[in-house]
Amino acid sequence: MYTQNSKDAFLKAKKVIPGGVDSPVRAFKSVGGTPIFIKKGAGAYLIDVDDNKYIDFVQSWGPLIFGHCDKDIQKAVIKSVKKGLSFGAPTKVETKLAQEICSLFDEIDKIRFVSSGTEAVMSAIRLARGYTGRDDIVKFEGCYHGHSDSLLVQAGSGAVTFGTPSSPGVPADFTKHTLLAKYNDIKSVQECFKNSKNIACVIIEPIAGNMGLIPAEIEFLKELKEICEKNGALLIFDEVMSGFRASLEGATGLVGVKPDLITFGKVIGGGMPVGAFGGLEEIMDQLSPDGPVYQAGTLSGNPVAMNAGITALKKLIKNPDIYDELEEKAQTLMKGFRDEAKKVGIGLQTNVRGSMFGFFFNDKEVKNFDDALKSDTKMFAKFHKGMLERGFYFACSQFETGFVSTKIKDKHIEETIEAAAEVFKELV
Ligand code: KE4
């Protein structure tokens with residue numbers, strides 16, 4: 001595959017942008033090779049600067065459930081831009097998008113918009129700490145909630161559940177209030193509540209998408225809710241990725257467990273920078289300007305982004321069958337991958353939730369981060385390369401999630417399975 005223009009572009013980018021990218025995962029470090037530079041998107045496809053065409057299963061890491069250049073979203077953005085890009089003052093479209101989301105969730109009376117998932121989660125945690133008057137938080141190994149300091153933690157030494165920084169630049173003091181538990185392991189959560197009587201909240205991806213795709217077990221989430229209620233801690237569902245991807249009501253609508261706060265991102269911006277966090281009025285009214293918990297943002301609720309988001313959401317609300325259709329496509333794709341891998345003796349574990357799918361090069365079921373880490377990342381890298389060379393664009397890490405958009409048709413799924421069959425044969 002000819003990728004000279006991407007190679008040249010990457011060299012130029014690295015001279016003025018750290019690592020040549022504005023977000024680390026894009027640099028292809030875990031799969032090797034040069035990241036392809038994109039010229040444009042078109043429906044199901046990405047076209048790179050060398051005019052190679054790919055079926056896109058990343059969709060900007062989730063936002064583009066309607067694929068690239070969706071006519072309705074594009075029209076709404078252009079119409080909005082003609083009235084101005086940003087005002088730093090309230091607009092009615094923010095209220096409209098807030099009303100749409102609040103109408104879908106019993107758990108949400110009010111919602112605040114921000115410009116990224118990181119901001120949404122950081123703000124939700126500050127709100128939980130302000131509302132409870134407590135400082136400690138619990139997160140799960142393998143869950144990613146954006147790059148705010150108190151969430152860049154790794155397991156501490158030995159039995160101690162308090163985290164240590166996972167990145168230079170994060171002072172240990174910033175993570176000493178973060179306790180770590182194991183996904184799908186309620187005993188590890190009980191351990192955290194034994195070690196701290198000062199826990200403000202537990203934050204979890206109810207469908208984990210950042211250690212590969214691993215859904216939380218429903219029984220585990222029910223016990224998690226009970227332990228939070230018993231100890232006066234809030235339960236935060238981070239649905240930045242799973243929101244409007246797993247179902248119209250995200251994972252929350254699937255698992256039958258009521259969180260106290262929900263964070264959103266990606267799909268609710270329709271491809272534009274939007275994050276949000278919402279919950280019951282009693283909690284949300286603690287936020288400035290009416291409440292004491294400060295939170296702010298110059299471009300929060302940006303009208304162009306709001307118009308993109310509300311257009312996407314209205315299309316989803318109008319066609320809820322989309323989720324069954326997308327889930328069926330994702331199931332077909334993952335069954336095809338499993339069947340073709342099995343033919344050549346490769347162990348592949350797969351998961352699907354709505355339009356989200358994941359696959360691990362692993363002989364055993366993957367239920368948490370320790371299991372996921374035992375996957376064959378070298379084989380994943382070779383698979384990724386083989387598929388890319390054939391025109392199929394997958395997430396460039398074993399620890400990410402794939403997505404199906406409405407523009408991906410049955411024929412695309414068939415072509416992808418055929419290509420995967422060829423690549424699996426090359427891997428053994
Ligand atoms: P952003 O700040 O990247 O908008 O959102 C952070 C975030 C929060 N919570 C969850 C569950 C997330 O998945 C994310 C971001 N997801 C990654 C993909 N795994 C974004 C891709 C990237 O970092 O470039």
Side-chain angles (χ1 to χ4, degrees), residues 17-31 35 38 56-65 112-126 137 139-153 166-167 183 201-216 235-246 250-252 259 261-278 297 299-300 302 305 308-309 351 353-358 369 372 380 384 393-403:
I17 299 174
V21 291
D22 283 315
S23 196
V25 71
R26 301 177 193 173
F28 273 28
K29 285 264 185 221
S30 56
V31 293
I38 304 302
D56 180 14
F57 289 101
V58 179
Q59 296 145 38
S60 183
W61 303 97
L64 305 175
I65 195 165
R112 169 71 54 93
F113 294 109
V114 293
S115 298
S116 72
T118 293
E119 257 194 283
V121 171
M122 178 181 75
S123 309
I125 285 176
R126 182 180 311 131
I137 64 173
K139 80 171 287 290
F140 292 86
E141 288 171 18
C143 284
Y144 174 70
H145 303 288
H147 64 92
S148 59
D149 285 338
S150 57
L151 290 163
L152 291 184
V153 296
S166 61
S167 164
Y183 204 71
C201 63
V202 174
I203 183 164
I204 189 167
E205 292 179 67
I207 298 172
N210 289 286
M211 47 177 150
L213 184 65
I214 306 178
L235 177 58
I236 302 177
F237 275 3
D238 179 353
E239 295 229 48
V240 166
M241 185 190 290
S242 54
F244 301 100
R245 270 288 182 178
T252 305
L261 289 171
I262 308 176
T263 57
F264 298 96
K266 298 181 194 267
V267 170
I268 66 163
M272 300 285 287
V274 177
F277 58 107
L299 292 172
S300 296
N302 172 273
N351 284 312
R353 281 295 183 278
S355 62
M356 303 162 73
F357 64 84
F369 194 41
F380 177 88
H384 181 271
Y393 190 80
F394 281 87
C396 46
S397 160
Q398 166 67 95
F399 307 114
E400 291 289 353
T401 290
F403 303 93

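Numbering of ligands and ligand atoms starts at 1, following listing order.
Residue contacts with ligand 1, taken as heavy atom pairs separated by less than 4.0 Å, involve V240 solely via side-chain atoms from C-beta onward. At a heavy-atom cutoff of 4.0 Å, ligand 1 is contacted by the backbone of H145 but not by its side chain.
Taking each of D22, V25, N210 in turn, the one with a heavy atom nearest to atom 12 (C) of ligand 1 proves to be N210. Compare F237, F399, W61 by their heavy atoms: the one nearest to atom 21 (C) of ligand 1 is in W61.
For atom 18 (C) of ligand 1, the closest heavy atom belonging to the protein is E400 OE1, 3.4 Å. Among protein heavy atoms, the minimum distance from atom 24 (O) of ligand 1 is reached at S23 OG, 2.7 Å.
In this structure, R353 places its CZ atom where only 12 or fewer heavy-atom neighbours from other residues, nucleotides or ligands lie under 6.0 Å away.
Under the side chain to side chain contact (heavy atoms under 4.5 Å, CB included) criterion, S115 pairs with E119, L299, not counting sequence neighbours.
At a 3.5 angstrom cut-off on N or O pairs, T118 counts as close to ligand 1. In terms of polar-atom proximity, defined here as any N/O pair under 3.5 Å, G117 does make such a contact with ligand 1. Polar contact with ligand 1: absent for R26 (N/O pair, distance under 3.5 Å).
Using a 4.0 Å cutoff on heavy atoms, E239 does not count as a contact of ligand 1.
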